[in-house]
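Data first, discussion second: the structure below is written as C-alpha cells.
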Amino acid sequence: MATSSQSEGGATFSAERYFATQPPPASLEHDVARVKEFVQRQLKEGRKVVLVTSGGTTVPLELNVVRFLDNFSAGTRGSTSAEYFLKAGYAVIFMHRQFSLQPFSRHYSHSTHPFLDFLDFDPSEDPSEASHIVVRPSERTQLVEVLTTYKAVQRAGTLLTLTFVTVNDYLWLLRAVSQEMSLLGRSCLYYLAAAVSDFFLPRQKMSEHKIQSGKGSLHIEMDQVPKILKPLVQEWTREGYIVSFKLETDPDLLIPKARQALARYGHQVVIGNDLHRRKFEVVFVSPKPKVSAGASAEDYEESWLRIDLAQNPQKEIEEDIVAELVKRHQQWIEAAGTQSALTAR
Ligand code: PMT
C-alpha cells in the first residue's frame, strides 16, 4: 500500500512506461478480435465508425479489490450520443463502464423509468394463472419506437459493445481499439465522453489484501495517469477526427482549459461542459481553420450550443451535438480529398 510515509513521491507515468509496467486486462485479446472483425466489416460496407467512450473508471486500492475510488458519471452523454450516431448512419463501438447506461436500454433505467412499472398481466386472464404480459398503453408508442430501432441496429450489426471497469482496463482498451480503427483513416471519429480518473495506484504499490482499518487514518499517494490524448493523436490514430470533453465546475475555466488541451494535443474539438449545465449547454472549442494548434488564444474559436428544456423537455442536447459533429467530420474527410488534389497538381 502506498502511504505518505512509504511513498517516494507521486510519479508521472509516460504512456510508454505505463503500458510497460501495468498488466493488460484478461479480456483484452478477446475484445481486440471482436473489434478487428467489426472494423473490417464496416470498412467493406463503407461505413464511418465512431468510438464512443462512456461512464467513469474505477481506481482499485487493493489487488484483491474490496475498495476503490469512482466518479459520478452515469454514462448518459455517451449512451444517448451513441443512439444519435447510429441514427446518422455511423457504426458505433460503444466502450462503456460496466453497468453504466447503454444505448436503447437507457430509456428503461431502473431508477428513472423502471421496466417493471410499465408491464401488466393480460387483463383478460385470471391474474392467478396469467401467462401473458402486456405493455401499458401509455408506454407503447415509445417502446415500439425504441424496440424498432434497436432491432434494426442488431440486424445491421452496427453496434459493438465493449466493457471496462478500472482505469487500467480503459487505457489498454482505448489503445487497442484506436490502433485497430486507424485502418479506417479519416472515416473514424473518436467521441471521448468517459470520465477517466486522473490518478491511479500502480500495481506495484497496491496492498495485496484488504487494507486494514486498525492502523488509524489512511494516507494514499496516487500517481498521475498518463495524458493519453497525446499518443492517441500523435501515434495510435493519426487521421481520426478526435473529440474530447472537458468537464469543469468553475465556468470561467471551461474555455481556457479546452484551449489548453487543443494546444497540448493538437486534436480537432474539445466540447466543454459545466457540471450543472451540461444537459442544456455545451461549448465547442476548436482551432480556427488553417491555423495549427498550439498558438495563441486568437487561434481558437468557440461556438455555444444551447437547448431550451422549459420549451421542449423531451429534447436531448446530444441530438444537436451529434448533428454538428457529423457535419464537421464530413468536412474533415472532404478536406483530405482537397489536400491530396492540391498536392497532386
Ligand atoms: O456520463 P454523464 O453522467 O452523462 O456525464 C458526462 C460527462 C460530464 C462525464 C462528459 O460529458 C465529460 O465531460 N467527460 C469528460 C470529463 C473530463 O473532464 O475529462 P478529463 O479532463 O479528465 O479528460 C479530458 C478528455 O480526455 C476526456 O475526453 C477524457 O475522456 C479523455 N481522457 C482523459 C484522461 C485519460 N487518461 N484518458 C482519456 O482519454
Side-chain angles (χ1 to χ4, degrees), residues 12-15 17-19 22 50-59 69-84 94-97 99-103 106 109 111-112 164 166-178 189-200 222-234 236-237 240-251 253-285 305 316-318 321-322 325:
T12 305
F13 274 69
S14 65
R17 178 164 164 237
Y18 184 93
F19 291 111
Q22 306 305 304
V50 58
L51 170 70
V52 176
T53 69
S54 183
T57 59
T58 68
V59 179
L69 297 184
D70 204 348
N71 66 57
F72 75 99
S73 171
T76 309
R77 177 78 86 219
S79 59
T80 308
S81 305
E83 278 184 34
Y84 287 108
F94 184 67
M95 186 176 135
H96 75 292
R97 160 73 180 279
F99 307 134
S100 66
L101 295 176
Q102 293 197 47
R106 74 179 173 98
S109 82
S111 54
T112 54
F164 60 81
T166 66
V167 62
N168 188 55
D169 299 342
Y170 172 88
L171 294 173
W172 277 97
L173 206 48
L174 180 68
R175 183 173 79 154
V177 173
S178 61
L189 195 155
Y190 293 79
Y191 186 85
L192 306 174
V196 184
S197 172
D198 288 323
F199 304 100
F200 80 115
M222 295 188 159
D223 291 359
Q224 237 187 336
V225 171
K227 298 293 177 199
I228 222 67
L229 277 171
K230 194 168 174 221
L232 178 71
V233 176
Q234 293 169 10
W236 304 340
T237 181
Y241 190 85
I242 299 176
V243 182
S244 71
F245 279 79
K246 181 49 71 186
L247 176 76
E248 291 297 339
T249 53
D250 175 352
L253 287 180
L254 211 49
I255 290 178
K257 293 295 280 282
R259 286 179 180 162
Q260 199 182 73
L262 290 170
R264 198 169 278 163
Y265 308 119
H267 59 299
Q268 285 69 41
V269 183
V270 176
I271 298 183
N273 45 184
D274 175 278
L275 181 67
H276 305 293
R277 302 174 66 81
R278 69 187 196 281
K279 307 258 180 198
F280 56 88
E281 178 185 273
V282 297
V283 58
F284 283 61
V285 185
L305 201 161
E316 295 176 312
I317 194 167
E318 288 79 7
I321 296 176
V322 169
L325 289 176

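All values reported here derive from a predicted model rather than from experimental measurement. We use all heavy atoms of the structure for the numbers below, so side chains are in, but hydrogens, waters and symmetry mates are not. One-based numbering, in listed order, for ligands and for the atoms of each.
Side-chain atoms of Asp223 do not come within 3.5 Å of backbone N or O of Phe199 as any donor-acceptor pair. Asn168 places no side-chain N or O within donor-acceptor distance of the main-chain N or O of Gln22, the cut-off being under 3.5 Å. The closest donor-acceptor contact from the side chain of Arg259 to the backbone of Pro256 lies at 3.5 Å or more, if one exists at all.
Here the heavy atom of the protein found nearest to atom 3 (O) of ligand 1 is Ala74 N, 3.0 Å. Counting protein heavy atoms only, atom 38 (C) of ligand 1 is closest to Ile228 CG2, 3.3 Å. Given atom 39 (O) of ligand 1, the protein heavy atom at minimum distance is Tyr170 OH, 2.9 Å. The protein heavy-atom contact nearest to atom 4 (O) of ligand 1 is Arg77 N, 2.8 Å. Shortest contact from atom 21 (O) of ligand 1 to any protein heavy atom: Lys246 NZ, 2.5 Å. When only non-hydrogen protein atoms are considered, atom 13 (O) of ligand 1 lies nearest to Asn273 ND2, 3.0 Å. Of all protein heavy atoms, the one lying nearest to atom 22 (O) of ligand 1 is Asp198 OD1, 3.6 Å. Atom 27 (C) of ligand 1 has Phe245 O, 3.4 Å as its closest protein atom, hydrogens excluded (heavy atom only).
In this structure, of Leu275, Asp274, Val196, the residue bringing a heavy atom nearest to atom 34 (C) of ligand 1 is Val196. Nearest-heavy-atom check against atom 1 (O) of ligand 1 across Ala193, Gly78, Ser73 picks out Ser73.
Note: Phe200 and Tyr170 fail the aromatic proximity criterion, with ring centroids not under 6.0 Å apart.
Remark: Arg175 is positioned above the aromatic ring of Phe19, its terminal NZ or CZ atom under 6.0 angstrom from the ring centre and at most 45 degrees off the axis.
Neither the backbone nor the side chain of Leu232 comes within 4.0 Å of ligand 1, counting heavy atoms alone. With a 4.0 Å cut-off on non-hydrogen atoms, Leu229 touches ligand 1 through its side chain and not its backbone. Residue-level proximity to ligand 1 for Leu192 is carried by backbone and side chain together, each with a heavy atom below 4.0 angstrom.
Using the six-membered ring where Trp is involved, Phe94 and His96 have ring planes that are parallel, under 30° apart on the 30 and 60° scheme.
At most 12 heavy atoms of other shown residues, nucleotides or ligands fall within 6.0 angstrom of atom CZ in Phe99.
Between Glu318 and Arg106, none of the side-chain N atoms (NZ, or NE/NH1/NH2) sits under 4.0 Å from a carboxylate O, so this pair counts as no salt bridge. Under the 4.0 Å criterion applied to side-chain N and carboxylate O atoms, Asp70 and Arg97 are assigned as salt-bridge partners.
The minimum heavy-atom distance between Asp274 and Thr249, with the atom names listed, is OD2-O, 3.8 Å. Looking at every heavy atom in both residues, Ser73 comes nearest to Gly55 through OG-CA, 3.2 Å.
Interface of Ser244 with ligand 1, defined as ligand atoms under 4.0 Å from a residue heavy atom, comprises 25 (C), 28 (O). Atoms of ligand 1 lying under 4.0 Å from at least one heavy atom of Arg278, given by number and element, are 3 (O), 5 (O), 8 (C). In summary, the atoms of ligand 1 found under 4.0 Å from a heavy atom of Leu247, numbered by their order in the structure, are 8 (C), 13 (O), 16 (C), 17 (C), 18 (O). Every atom of ligand 1 with a heavy atom of Gly75 under 4.0 Å away is listed here by number and element: 1 (O), 2 (P), 3 (O). Every atom of ligand 1 with a heavy atom of Thr76 under 4.0 Å away is listed here by number and element: 1 (O), 2 (P), 4 (O). Those atoms of ligand 1 with a heavy atom of Ala194 less than 4.0 angstrom away are 14 (N), 15 (C), 29 (C), 30 (O). For ligand 1 and Val225, the ligand atoms under 4.0 Å from any heavy atom of the residue are 36 (N). When each atom of ligand 1 is checked for a heavy atom of Pro226 under 4.0 Å away, the hits are 36 (N).
No donor-acceptor contact under 3.5 angstrom links the side chains of Ser178 and Tyr190, judged on distance only.
Contact check for Val243 versus Phe284: no side-chain heavy atoms found under the 4.5 Å cut-off.
Contact annotation for atom 31 (C) of ligand 1: protein absent (non-hydrogen atoms, distance under 4.0 Å).
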